[in-house]
A.B. asks: 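Take this structure, written in structure tokens, and hold onto it; I'll ask about it next.
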Amino acid sequence: MLHPDRGFDPNPAVRDLARSLYQRVRNLPLVCPHGHVEPRLLAENAPFPDPAELIIIPDHYVCRMLYSQGIPLEKLGIARRDGQPAEADRRKIWQLFGEHFHLFRGTPTSAWLKHELEEVFGVAEPLNGRTAQRLYDQVAEKLARPEFRPRALFERFRIEVLCTTDAATDPLSHHQVIRQSGWKGRVLPTFRPDRVTDLLHPAWRTEIARLGELAGREIGSYPTFIAALESRRQFFRSMGATATDHGVFSPHTHELAPAEAESLFQRALSGQASESDAARFTAHMLMEMARLSCDDGLVMQLHPGSFRNHNRAIHEAFGPDQGGDIPVAAEFTRSLHELLNKYGNHPNFRLVLFTLDESTYSRELAPLAGHYPAVRLGPPWWFHDSIEGMRRFRRSVTETAGIYNTAGFNDDTRAFPSIPARHDLCRRVDASYLAGLVAEHVLDPSDAEEMILDLSYRLAKQTYRLG
Amino acid sequence: MLHPDRGFDPNPAVRDLARSLYQRVRNLPLVCPHGHVEPRLLAENAPFPDPAELIIIPDHYVCRMLYSQGIPLEKLGIARRDGQPAEADRRKIWQLFGEHFHLFRGTPTSAWLKHELEEVFGVAEPLNGRTAQRLYDQVAEKLARPEFRPRALFERFRIEVLCTTDAATDPLSHHQVIRQSGWKGRVLPTFRPDRVTDLLHPAWRTEIARLGELAGREIGSYPTFIAALESRRQFFRSMGATATDHGVFSPHTHELAPAEAESLFQRALSGQASESDAARFTAHMLMEMARLSCDDGLVMQLHPGSFRNHNRAIHEAFGPDQGGDIPVAAEFTRSLHELLNKYGNHPNFRLVLFTLDESTYSRELAPLAGHYPAVRLGPPWWFHDSIEGMRRFRRSVTETAGIYNTAGFNDDTRAFPSIPARHDLCRRVDASYLAGLVAEHVLDPSDAEEMILDLSYRLAKQTYRLG
Amino acid sequence: MLHPDRGFDPNPAVRDLARSLYQRVRNLPLVCPHGHVEPRLLAENAPFPDPAELIIIPDHYVCRMLYSQGIPLEKLGIARRDGQPAEADRRKIWQLFGEHFHLFRGTPTSAWLKHELEEVFGVAEPLNGRTAQRLYDQVAEKLARPEFRPRALFERFRIEVLCTTDAATDPLSHHQVIRQSGWKGRVLPTFRPDRVTDLLHPAWRTEIARLGELAGREIGSYPTFIAALESRRQFFRSMGATATDHGVFSPHTHELAPAEAESLFQRALSGQASESDAARFTAHMLMEMARLSCDDGLVMQLHPGSFRNHNRAIHEAFGPDQGGDIPVAAEFTRSLHELLNKYGNHPNFRLVLFTLDESTYSRELAPLAGHYPAVRLGPPWWFHDSIEGMRRFRRSVTETAGIYNTAGFNDDTRAFPSIPARHDLCRRVDASYLAGLVAEHVLDPSDAEEMILDLSYRLAKQTYRLG
């Protein structure tokens, strides 16, 4: 059912070039420098439980769309925080999904799922209300086989390296298990300290306490906090981490005087931090993280601009990451002025910028990446990790920043078996983009042949220092 | 002169698919859930007076462009408020239009007018300075015939339902005449209370007085005001209304305590309301209108972001709606936070969002519509109701919100005989968009066949509860 | 190596139409109403020194990209302010450029340079690390010939008129030399008073003193300042200027009371002006410049929205214009409200608006240009002077403003020998844009034939009153 030319420009001249560029990279290993796969999966290597738990329940793209059309999250098996029952019959959940699969027409979720069902699970008919139970059976039958366990899929997918995203306080025990298991798969942690740098995070005090335990001394002052973060960064590096990640509401950066930082930190310890305190502390911590990256070489990723848990009722009932995160307009030029002035010319610093506000691509991000040696542009993120989103990104930034100031692809997913689908779609879109430039005589064919390798493989490895 | 493939992607593979999708919907009835046709036209059913008064004088798209190139509005027959004479010779006005018709090259005005002249009036040559008088004669001759009266055109256009836009204080007498006339055309009012919810509207006090008369009691307090609005909404519903509409500068929403609402209302009654008072009252009234929509089921439309009457000299000389309305940047995520938190999960609430700021499509609107059950996205509005505008809309929102969180087409016009042209252009652009997705193997052909029916007909009916 | 169809849509139906439209304009004279060529070049008419100094060192597009990938500006021969040595070996600089020329893949710099090397200098092989020295020889050999001196190239390029950009205090002595030389080339100055209207410009006091000298009386008060500017405008006009240009951070406009203007001016004279003073004075000076333009007919250009010298370390070491200028979000609707209300309907006033924020194209700029008689839209500026940038501009503004409210092309360059490449690329993109509209049956072929002449030649001449 998957058409071999999917994602290519239908103009025959472009399509034929796209095909031939895509052929050069379709079987290249997958470099996965940023994502949300649970390392537990690969540590335990247990069978995936069932199709609904694999494909529907944890995927906020799927649940969000179904919810937007009036389907309660309980009916999708999402557990309520108050313990009230959610649908437990996985076949019913899958049936509901099948009956509403038309809602996803034209979305990347549809493209990824079709690829996953056919290429990973060998399913040969479309998902809808009539076929849902047959498909459930086929997928469930496959999941029981040893060759569908996580490590076997990892190898079959040709994953060269997979980076997870881990809290600063994570002991990385699953990563330790993987290392000690003798299995050769390269699975690396990424240092994400959001819960300890956001003074208003609900878990902040608990996390600070855990950070103190891990660091071996109580964190009662700002210098001990920074020292603990330094030591955690060192630990993450020792476990193979090459990057940090920072999910912040605003990318504003501003260094505080030590006494100010201390005073904010103390206010937070005593439960008195205000929203303004937290915003100022975050701006300062971005400066600190950049400073430490200059020292230890961890690539710094910045993911700003999401208004998290916009829908309070859903957040209270079901917790975070249920589709209620909505972007806001972003501003980078002024926001990053202080950080880039202090560290943007540093030869050891690398800052990968992401945005949910596409108007910043050509206005701010490409000019910043096309000037500061430290800056690279991350791939289209979240809502924009789609065919049109990837096209808009390349068309908006390449003419100012080139492709060599961009970071290659991130699959950014929790959905492990969708990884090949996501890389494949990006490789197709990039091949078609380059083919279009060749057909317009903007690029020589030989340039495009190099560039497709860069976009599909090399840039991700170089940007994230995974070589 | 009208080419059968106009508006289709010229790539033959896409064009052929677009043709076949378009054929499925070209003759479907027109669902017109939002527009500005005067109900008087259909109540009186009198002949249209002449070509200039039909096509030029009331069309701010036309007058705006001619004015931008130095043609005084008086020469287009627009009446001045001070009573100074405007051009009265309709043939001269038409001639001036013909001589400057090249200014509209590449604009939707040109596409709509060519369609209207050829398909509605049977004109077989292009409009320009040489042909203008001949065309005037041809159109004028048609206008005199009974089959060119409003009701006959309504039927010939296959309009299934036409919603007008009516002030809260409108007695809907034209709608009553239509109902009582025995004519079968379905013409419904829409409740638009802007003049009574905007405390600084020049007509506010007069309108409040009229509202009191219609409600049968003087409006001296905020509760009587709300009660009067509720009763007007009931009256509009009894006349067939299924929707309300709110044209506001900012989409900011915020509920006031009853005492605050009362105090703002009293300040306005005594002529003391400030700009800040008016802004806060509008934010509050959006909350109130959403609350009432949950109760009475009227679909709530929000049209924010136009800086009305930007050109004061033109406004003072000629009044509103003369082309001097200029958009500003819009913000929805924070602005609608309060409203969506209170009502966005309510099963009976539906909010149709419009924007003049295309940067909000992918950044805010599609994520909101792809999550909140209440939210639907209105079609590209005003300046964006154009070929490129419609393409940008679909390409920006579909991958996040799908098509089923969008509202179908609105012709949104005062220009009654241009209605078929506008629907036809949208059907063509949608057919071409879907054909492109089929040609890229993003959609199956059978999906596209369903979707073109949804986009051209079903979604408008469902969204506006016109079934 | 240059493909005859470069820049054209690869769809054969569109490409063939594009070819034929392009043929109509490819040899038309070049109208260059805005740019940064030094008039000294054409006054002295000396040979260009060498390939690196011609093509690399003064081009911030080139140096910026190389710097972003870690190449120090010193190695590109950029002089440091502190006198520390920069690379003096021009062949080494050229070699470095050749070795990194792949960084420019897909950028306009690459398209322009390939055109320049092949069409201007007759180079027949691609630039890279291996060919760099051979290409250096070939270009250097050409530069030594009389037919490669500036005036000969000016004539060979068929430049009909070239406008330079000149400080208000410039004595225009090079322009005088050109006039008196008997050479027929039309080279006109443009009045750019930024250094005297920006109270915080580092050179402000020196420039005010020079302005006084040129005006023949000391500038000790605001009225003498304005009188001096009026007299300089008259002088520029006497030297053929038809336009002014204003590079401001914000397009905000607001007229001050005379006493306020005087007080800000006095504070600046005494070295006490604050940032807020400077911002208010700039907003006021835009009003003053518009007022004077109504009187003297100079076309007013506004180039807002660049955060200049964002990278302080680079600015301190190398001075301005080294690639560290980063755009910020722009706002025109409110910002220009006061200016357009006072002067936007004036028959003698013309305001050409530029932006670095593409989100303003459809949201604010096209609606303003499609209404106010004074407003024209400048071509895509700086980062957006590119194939995709030009396409986005036309697709975003044409449907609202038409093409007749746009200003034709600006090459906007310091790089004299790149002028034909830039016009040629724009003519190709415009031809392809129009061909696409013909292929979609939005335009008649005969319309497109007129419009390509307008876009390539007539509009620039008319807009800038160069007839």
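Within every chain, numbering begins at 1; the chains are lettered A, B, ... in the order of the sequence lines, protein sequences first and strands thereafter. Computed from a predicted model, the values in this text were never measured in an experiment.
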A.B. asks: Please determine, among B:I387, B:D9, B:L356, the option with the most heavy-atom pairs under 4.5 Å with chain C.
C.D. replies: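 If we count pairs closer than 4.5 Å to chain C, B:I387 comes out on top.
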
A.B. asks: For B:R130, look at atom CZ and say whether over 12 heavy atoms of other residues, nucleotides or ligands are found less than 6.0 Å away.
C.D. replies: no

A.B. asks: Below 4.5 Å from any heavy atom of chain C, which atoms of B:H60 appear? Answer side chain, backbone, both or neither.
C.D. replies: neither

A.B. asks: Answer yes or no: is there a side-chain heavy-atom contact under 4.5 Å between C:H441 and B:L2?
C.D. replies: no

A.B. asks: Which pair of heavy atoms, one from B:S386 and one from C:E399, lies closest together, and at what distance?
C.D. replies: OG-OE1, 2.8 Å

A.B. asks: Can you tell me how the ring of C:H337 sits relative to the ring of B:F307, calling it parallel under 30°, perpendicular over 60° and tilted otherwise?
C.D. replies: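 Correct class here is tilted.
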
A.B. asks: Which bit of C:V14 comes within less than 4.5 Å of chain B, counting heavy atoms only: side chain, backbone, both or neither?
C.D. replies: side chain

A.B. asks: What I'd like to find out is whether the side chain of B:R105 reaches to under 4.5 Å of the side chain of C:Y404, using heavy atoms alone.
C.D. replies: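 Answer yes - side chains close enough.
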
A.B. asks: For C:L443, which atoms come within 4.5 Å of any heavy atom of chain B: side chain, backbone, both, or neither?
C.D. replies: side chain

A.B. asks: Please examine the side chains of B:H315 and C:N341, heavy atoms only from C-beta on, and report whether any two atoms are closer than 4.5 Å.
C.D. replies: no

A.B. asks: In Å, rounded to the nearest 0.5 Å, how long is the span from NE2 of C:H371 to CG of B:N311?
C.D. replies: 3.5 Å

A.B. asks: Passes side-chain contact (heavy atoms from CB on, under 4.5 Å), B:W382 versus C:T400? Steps please.
C.D. replies: CA-CA 10 Å; B:W382 199 336; C:T400 292; over 6 Å; no

A.B. asks: Does anything in residues 449-467 of chain C reach chain B? List residues with heavy atoms under 4.5 Å apart, or say none.
C.D. replies: C:E450, C:M451, C:D454

A.B. asks: Counting only heavy atoms closer than 4.5 Å, note whether C:S396 contacts chain B via side chain, backbone, both or neither.
C.D. replies: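 Both the backbone and the side chain of C:S396 come within 4.5 Å of chain B.
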
A.B. asks: Distance check, rounded to the nearest 0.5 Å: C:L365 atom CG versus B:I326 atom CD1?
C.D. replies: 10.0 Å

A.B. asks: Who among C:L340, C:L368, C:L437 has the most heavy-atom pairs with chain B under 4.5 Å?
C.D. replies: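 Highest number of pairs under 4.5 Å: C:L368.
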
A.B. asks: Side chain, backbone, both or neither: which part of B:A111 has an atom under 4.5 Å from a heavy atom of chain C?
C.D. replies: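 For B:A111, there is no contact with chain C at all, as no heavy atom is under 4.5 Å.
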
A.B. asks: I want to check something: taking the side chain as every heavy atom from C-beta on, are B:R6 and C:V442 in contact at a cut-off of under 4.5 Å?
C.D. replies: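 Answer no - side chains too far apart.
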
A.B. asks: Under 4.5 Å, counting heavy-atom pairs only, tell me which of C:R376, C:E331, C:R334 racks up the most with chain B.
C.D. replies: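 When all of C:R376, C:E331, C:R334 are compared, C:R334 has the most.
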
A.B. asks: Answer with side chain, backbone, both or neither: which region of C:R394 has an atom nearer than 4.5 Å to a non-hydrogen atom of chain B?
C.D. replies: neither

A.B. asks: Within this structure, what is the CD-CG distance for the pair C:E440 and B:D5, rounded to the nearest 0.5 Å?
C.D. replies: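 If I round to the nearest 0.5 Å, the distance is 11.0 Å.
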
A.B. asks: I'd like to know which of B:A313, B:G7, B:G324, B:G70 tops the heavy-atom pair count under 4.5 Å against chain C.
C.D. replies: B:G324

A.B. asks: Name the member of B:S359, B:A330, B:P108 that forms the most heavy-atom pairs with chain C at distances under 4.5 Å.
C.D. replies: B:P108

A.B. asks: I'd like to verify something: which residue of C:P12, C:G370, C:G402 has the highest number of heavy-atom pairs under 4.5 Å with chain B?
C.D. replies: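 The candidate making the most pairs under 4.5 Å is C:G370.
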
A.B. asks: Yes or no on side-chain contact (heavy atoms from CB on, under 4.5 Å) for C:Y372 and B:H310, after CA distance, side-chain angles and deciding distance?
C.D. replies: CA-CA 10 Å; C:Y372 281 100; B:H310 190 271; 2.7 Å; yes

A.B. asks: Look at the side chain of B:R392 and the backbone N and O of C:R395, then say whether any donor-acceptor pair between them is shorter than 3.5 Å.
C.D. replies: yes

A.B. asks: Using a 3.5 Å distance criterion without hydrogens, assess whether the side chain of B:E358 forms a donor-acceptor pair with backbone atoms of C:S362.
C.D. replies: no

A.B. asks: Between B:R428, B:K114, B:R391, which residue shows the highest count of heavy-atom pairs closer than 4.5 Å to chain C?
C.D. replies: B:R391

A.B. asks: Of the non-hydrogen atoms in C:N405 and B:S68, which two are nearest, and what is the gap between them?
C.D. replies: ND2-OG, 2.9 Å

A.B. asks: Checking heavy atoms, do the side chain of C:A448, its backbone, both or neither come under 4.5 Å from chain B?
C.D. replies: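 Neither part, no heavy atoms under 4.5 Å.
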
A.B. asks: Less than 4.5 Å to any heavy atom of chain B: does that hold for the side chain of C:N11, its backbone, both, or neither?
C.D. replies: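 For C:N11, the side chain is the part near chain B, not the backbone.
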
A.B. asks: Strictly distance-based, threshold 3.5 Å: is any side-chain N or O of C:R363 a donor or acceptor partner for the main-chain N or O of B:D357?
C.D. replies: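 Side chain of C:R363 to backbone of B:D357, a donor-acceptor pair under 3.5 Å: no, none is there.
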
A.B. asks: I'd like to know if the side chain of C:T333 and the backbone of B:P327 have a donor-acceptor N/O pair within less than 3.5 Å.
C.D. replies: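 Confirmed, C:T333 side chain pairs with B:P327 backbone.
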
A.B. asks: Check each atom of C:A329 against the heavy atoms of chain B and say whether the ones under 4.5 Å are side chain, backbone, both or neither.
C.D. replies: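 Contact with chain B involves no heavy atom of C:A329 at all.
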
A.B. asks: CD1/B:I314 to CG/C:N345 distance, rounded to the nearest 0.5 angstrom?
C.D. replies: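 Going from CD1 on B:I314 over to CG on C:N345, the span is 5.0 Å.
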
